[in-house]
Protein chains: 2
Amino acid sequence: MGTTQLEAPQEPKYWHLKTVLGDALDSEFAVGEVLPNERELAARFGVARATLRQALEQLELEGRLQRRRGVGTTVAPPRIGVSVGPAQGSWPGEGNDAWRAIGCAEAPAPANVARLFGESARDDRAVHTIRRVRMTHAQPVATELLYIPPASVPGLPELLSPGAHAQAVLRELHRLELEGEDRAVELGSARAEDAKQLERLPGAPVLLVTTRYFASGRVAAASVATYRADTCRLTFGDAGAMQITHHGPNGNSEQRHAS
Amino acid sequence: MGTTQLEAPQEPKYWHLKTVLGDALDSEFAVGEVLPNERELAARFGVARATLRQALEQLELEGRLQRRRGVGTTVAPPRIGVSVGPAQGSWPGEGNDAWRAIGCAEAPAPANVARLFGESARDDRAVHTIRRVRMTHAQPVATELLYIPPASVPGLPELLSPGAHAQAVLRELHRLELEGEDRAVELGSARAEDAKQLERLPGAPVLLVTTRYFASGRVAAASVATYRADTCRLTFGDAGAMQITHHGPNGNSEQRHAS
DNA sequence: TAGTGGTCTAGACCACCTG
DNA sequence: AGGTGGTCTAGACCACTAG
């Protein structure tokens, strides 16, 4: 032996670890089962805890693990498919879409949101801002800020209790005919406020879904929703019944696709 | 002073750092500008390099920074909006959709893909597998594996060169009438193979877009596309012209939405 | 109170790019 | 060759959860 060892250690330790752990999860662990703690795992694999943690972070990012401070690391269930596409309730709050309003306010839209409404509403007054949470299987999967310009809900009743006010704004909004929607998805990290509602730590990876609702030839409402990236798979179209993808066990697909 | 310091150091250093750096990016740096190197930044802020790196990682995750080994850390341009929704070329490869086939093969579908085709094709023979890359602004933004069962392309000509074969399969596919599509988006990390094509390191955060194409009352094709999460914003519908969201400067939206 | 994951440090070496 | 970011180590302490 000696220098004859031609192994390719090009592969970082944490990457190799991730693979090994991932395989172990598929073959030796059941969903919900708790793994040994980080210090023991690190010792068992002969690496520093920081290195072990790098591997765990990746697996958590891929939705295979769930870590909770003070509790432990458990094997995560497959991601939940949550429908965000059209072909459903159309307007926000229409149909049984599992959103729950938890607050509302009237304030000038922040710059990034004002942009969604286009040039027209540049110097607009305060917009109705509704904060909602989306629950699935008794777990919070998303928070959302819904922005509705006063012009979209002209016939609004008197000042009401915060809860009732949100209901009233949505009800008024539904009187309009929805002409179409627009959507964008990007990666982000949870702001402190959102993180708390999603029961995650600040900075946790999230999927930001920005939506524009069109009616009366203009943007009648807009929203920015924050979905937990670890537990959610966003579905569009009638993909509700689509099976999981789960970059998993044999999903590694080590075939030649080459050239 | 002394114990009178009631500051809330609950906020982790890296989180605070991220905020400070983020603000600095907006006010003092131009897109493309290179930041001081990590060792100097760490010293300047009085933290260990690992802590500084945690902040940079977050900013990179949010698409605000771009780091390249051996080169440096630069301020990233706003994310590129790439259209993935319907209302475009419909079939993959139809229209000018900036995809370029770089290889193809016939092999049994991996388990996770076979699932997309439903029960019917459980024990199916090899499927056509086409690997494509999507370019935008001369940069690779996505790689894709397109799976097409032989049944979907019956009239396929003789064995051709790898490149021509991919073209032929797609051309045959276009003869079918597309009845609808299905889509799911989730967070993942780049496999080594994809990472290379996307000019990123293995494990880089990506958005996995799984699509099913329906024709003749069944799934005629399916694909798993891997988009760079740092540089891309996926758009659906006619959101092509939608302005950036950019969780940015004043986007922090420190208003009360409370209850 | 004991045990977990989360944060932080101060170093070291490596892989990669550029001049 | 020199500088960059990427990986890794071996510690320490903190915040949280649970029995």
Side-chain angles (χ1 to χ4, degrees), chain A residues 7-19 21 32-61 64-76 189-190 192 195-196 199-205 230, chain B residues 7-19 21 32-61 64-76 189-190 192 195-196 199-205 230:
Chain A
E7 282 289 0
Q10 302 296 58
E11 189 167 76
K13 276 189 189 179
Y14 78 90
W15 183 261
H16 181 247
L17 246 186
K18 179 195 133 183
T19 305
L21 279 171
E33 197 167 346
V34 314
L35 270 61
N37 72 55
E38 296 184 348
R39 289 159 178 88
E40 180 176 333
L41 279 177
R44 189 179 298 184
F45 286 106
V47 300
R49 183 153 79 109
T51 305
L52 186 269
R53 276 179 62 79
Q54 240 182 306
L56 294 184
E57 262 152 41
Q58 286 247 359
L59 289 169
E60 189 178 33
L61 196 82
R64 322 251 340 241
L65 288 181
Q66 195 162 347
R67 300 192 288 172
R68 274 172 305 173
R69 168 157 52 179
V71 179
T73 302
T74 62
V75 180
S189 49
K196 197 178 302 180
E199 300 177 2
R200 298 258 57 195
L201 292 178
D230 54 346
Chain B
E7 283 287 3
Q10 302 296 57
E11 190 167 75
K13 276 189 188 178
Y14 79 90
W15 184 261
H16 180 248
L17 245 185
K18 180 196 133 182
T19 306
L21 280 171
E33 197 167 344
V34 313
L35 271 61
N37 71 56
E38 296 184 349
R39 288 161 180 88
E40 180 175 335
L41 279 178
R44 189 178 302 184
F45 286 105
V47 299
R49 182 153 79 110
T51 304
L52 185 269
R53 277 179 61 79
Q54 241 182 306
L56 294 184
E57 262 151 41
Q58 285 246 1
L59 290 168
E60 188 178 33
L61 196 81
R64 323 242 303 139
L65 288 180
Q66 194 161 347
R67 301 191 288 172
R68 274 172 304 175
R69 168 155 54 179
V71 178
T73 302
T74 62
V75 180
S189 49
K196 196 178 303 179
E199 300 177 2
R200 299 257 56 195
L201 292 177
D230 54 345

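It should be emphasised that the depicted structure is a prediction, and the values quoted were computed from it without experimental measurement.
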Closer than 4.0 Å, any side-chain N/O of [X] to the OP1 or OP2 of [N]?
X	N	answer
Asn37(B)	dT4(D)	yes
Thr73(B)	dG5(D)	yes
Arg67(B)	dG6(D)	yes
Tyr14(A)	dT7(D)	yes

Looking at [X] and [Y], what are the two nearest heavy atoms and their distance?
X	Y	value
Gly203(B)	Ser189(B)	O-CB, 3.4 Å
Ala55(A)	Leu17(A)	CB-CB, 3.9 Å
Thr51(B)	Tyr14(B)	O-CB, 3.8 Å
Ala190(A)	Trp15(B)	O-CH2, 3.4 Å
Arg44(A)	Pro36(A)	NH2-CG, 3.9 Å
Leu52(A)	Glu38(A)	CD1-O, 3.8 Å

What's the [atom1]-[atom2] distance between [X] and [N], to the nearest Å?
X	N	atom1	atom2	result
Leu41(B)	dG6(D)	CG	P	13 Å
Leu17(A)	dT7(D)	CG	P	13 Å
Lys13(B)	dC13(D)	NZ	P	14 Å
Arg39(A)	dT9(D)	CZ	P	16 Å
Arg69(A)	dC16(D)	CZ	C1'	6 Å
Lys18(B)	dG6(C)	NZ	C1'	16 Å
Gln66(A)	dT17(D)	CD	P	14 Å
Leu65(A)	dG5(C)	CG	C1'	13 Å

| field | Those residues of residues 45-60 of chain A lying under 4.0 Å from DNA chain C by at least one heavy atom | value | Arg49(A), Arg53(A)
| said: Reading 5' to 3' and counting Watson-Crick or G-U wobble pairs with both distances under 3.5 Å, write the dot-bracket notation for DNA chain D, | for bases paired outside the strand. | reply: ||||||||||||||||||.
| field | Sugar-phosphate only, base, or nothing, as touched by Arg68(A) at under 4.0 Å among non-hydrogen atoms | value |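 Sugar-phosphate only.
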| Say you draw a straight line from CG of Leu65(B) to CD of Glu60(B); how long is it, rounded to the nearest 0.5 Å? | 7.0 Å
| How about Arg68(B): does its CZ atom have over 12 heavy atoms from other parts shown lying under 6.0 Å from it? | no
| Side-chain heavy atoms of Gln58(A) within contact of Arg64(A), under 4.5 Å | no
